[in-house]
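A, B, ... follow the sequence lines: proteins, then strands. Residue 1 opens every chain. In this text the structure is predicted, and so the values were computed from the model without any measurement.
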Amino acid sequence: KQEVTQIPAALSVPEGENLVLNCSFTDSAIYNLQWFRQDPGKGLTSLLLIQSSQREQTSGRLNASLDKSSGRSTLYIAASQPGDSATYLCAVRPGSAGGFKTIFGAGTRLFVKA
Amino acid sequence: NAGVTQTPKFQVLKTGQSMTLQCAQDMNHNSMYWYRQDPGMGLRLIYYSASEGTTDKGEVPNGYNVSRLNKREFSLRLESAAPSQTSVYFCATGESYNEQFFGPGTRLTVL
């Protein structure tokens, strides 16, 4: 059974710092992996989607990498800002017949101090 | 475009009452999903509809029913609400196995 883990559960950094959020999954047979941002009391906002054939995706100050063989993805945030404070979630689409049954991690709560 | 809309935003029920959560999308996506989010548990899939006319169970379907009314609308029904169904419910849409887009959520409390 696919399991998705995000460590750490919470992270506090000073403004301007570069940081890495981690996501690990137990079964390497995935279709893709998606990173989301969630602000308190709000829905999820899609940040990046990495297909299983890709190694990384970039959007602005965000860069997500995928290493299927080791079951890991990282979200790199450059030059963090207080507005980046939110919970970051990763989600895995299992490969083969389970592609609609997305598995989410519990998230990393990020606080960027001004 | 509104994207994904959910109604109501908040709801309080008594144990045993029934209600339907509504979701509509204007993104012309074939697939729609219902999730629940609980503290420390992450999001868990309740039901999904891969395309109009089909629905399938997700990880936690017990106590829920769904209806894919048409391509735009996907509703979630609680026939007899229980306190364990207190949660935040999210609807999402996507095209096949690709990127998912979420609605703003419905906060449900069952007393």
Side-chain angles (χ1 to χ4, degrees), chain A residues 1-10 21 23-26 29-54 57 59 62 64 66 86-109, chain B residues 2-7 9-10 21 23-25 27 29-52 54-61 66 68 74 87-108:
Chain A
K1 177 185 174 185
Q2 179 74 269
E3 293 181 2
V4 180
T5 303
Q6 292 186 250
I7 295 173
L21 306 181
C23 173
S24 61
F25 46 95
T26 55
I30 67 170
Y31 194 83
N32 58 43
L33 185 147
Q34 190 170 358
W35 282 94
F36 295 89
R37 167 188 174 134
Q38 186 176 29
D39 294 289
K42 304 293 186 183
L44 280 69
T45 300
S46 178
L47 297 175
L48 289 163
L49 174 74
I50 310 178
Q51 302 291 353
S52 62
S53 58
Q54 297 176 318
Q57 283 283 349
S59 176
L62 305 180
L66 176 64
T87 296
Y88 291 81
L89 298 155
C90 68
V92 168
R93 279 199 187 269
S96 66
F100 286 103
K101 297 184 178 182
T102 308
I103 307 297
F104 279 80
T108 294
R109 186 178 301 174
Chain B
V4 183
T5 58
Q6 293 184 236
T7 55
K9 288 185 168 52
F10 301 93
L21 283 65
C23 175
Q25 53 107 356
M27 307 179 80
H29 289 155
N30 283 306
S31 305
M32 299 186 73
Y33 309 79
W34 276 107
Y35 294 91
R36 62 178 289 173
Q37 185 176 37
D38 303 291
M41 299 287 292
L43 278 89
R44 292 179 293 169
L45 182 64
I46 305 171
Y47 270 93
Y48 68 95
S49 171
S51 61
E52 186 178 355
T54 69
T55 61
D56 284 287
K57 295 178 181 179
E59 183 182 355
V60 287
V66 291
R68 183 72 183 269
F74 189 36
S87 188
V88 182
Y89 291 85
F90 289 101
C91 175
T93 75
E95 197 55 45
S96 185
Y97 291 170
N98 290 314
E99 193 173 6
Q100 290 186 60
F101 299 89
F102 280 72
T106 293
R107 280 158 181 73
L108 174 67

Check each atom of [X] against the heavy atoms of chain A and say whether the ones under 4.5 Å are side chain, backbone, both or neither.
{"X": "B/Asp56", "result": "neither"}
{"X": "B/Lys9", "result": "neither"}
{"X": "B/Leu43", "result": "both"}
{"X": "B/Arg44", "result": "neither"}

When you look at B/Asn98 and A/Gln51, which way does the side-chain contact (heavy atoms from CB on, under 4.5 Å) test go after all the steps?
CA-CA 9 Å; B/Asn98 290 314; A/Gln51 302 291 353; 3.2 Å; yes
Side-chain donor-acceptor pairs of residues 100-109 of chain A under 3.5 Å, sequence neighbours excluded:
| residue | atom | partner | partner atom | Å |
| --- | --- | --- | --- | --- |
| A/Thr102 | OG1 | B/Gln100 | NE2 | 2.7 |
| A/Thr108 | OG1 | A/Pro8 | O | 2.6 |

Would you compute the distance between atom CG of A/Leu89 and atom CD of B/Gln37 and round it to the nearest 0.5 angstrom?
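Between atom CG of A/Leu89 and atom CD of B/Gln37 there are 6.5 Å.
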Once you round to the nearest 0.5 Å, how far does OG1 of A/Thr45 lie from CZ of B/Phe101?
10.5 Å
Could you work out, with side-chain contact (heavy atoms from CB on, under 4.5 Å) as the rule, every residue matching B/Gln6, not counting sequence neighbours?
B/Trp34, B/Phe90, B/Cys91, B/Pro104, B/Thr106
Can you name the nearest heavy-atom pair linking B/Glu99 to A/Leu49, along with the distance?
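For B/Glu99 and A/Leu49, the tightest heavy-atom pair comes out as N-CD2, 3.7 Å.
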Identify the two heavy atoms, one from B/Phe102 and one from A/Leu44, that lie closest to each other, and give their separation to 0.1 Å.
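Taking every non-hydrogen atom into account, CB-O, 3.6 Å.
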At a heavy-atom separation under 4.5 Å, does A/Gln6 approach chain B through its side chain, its backbone, both, or neither?
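For A/Gln6, there is no contact with chain B at all, as no heavy atom is under 4.5 Å.
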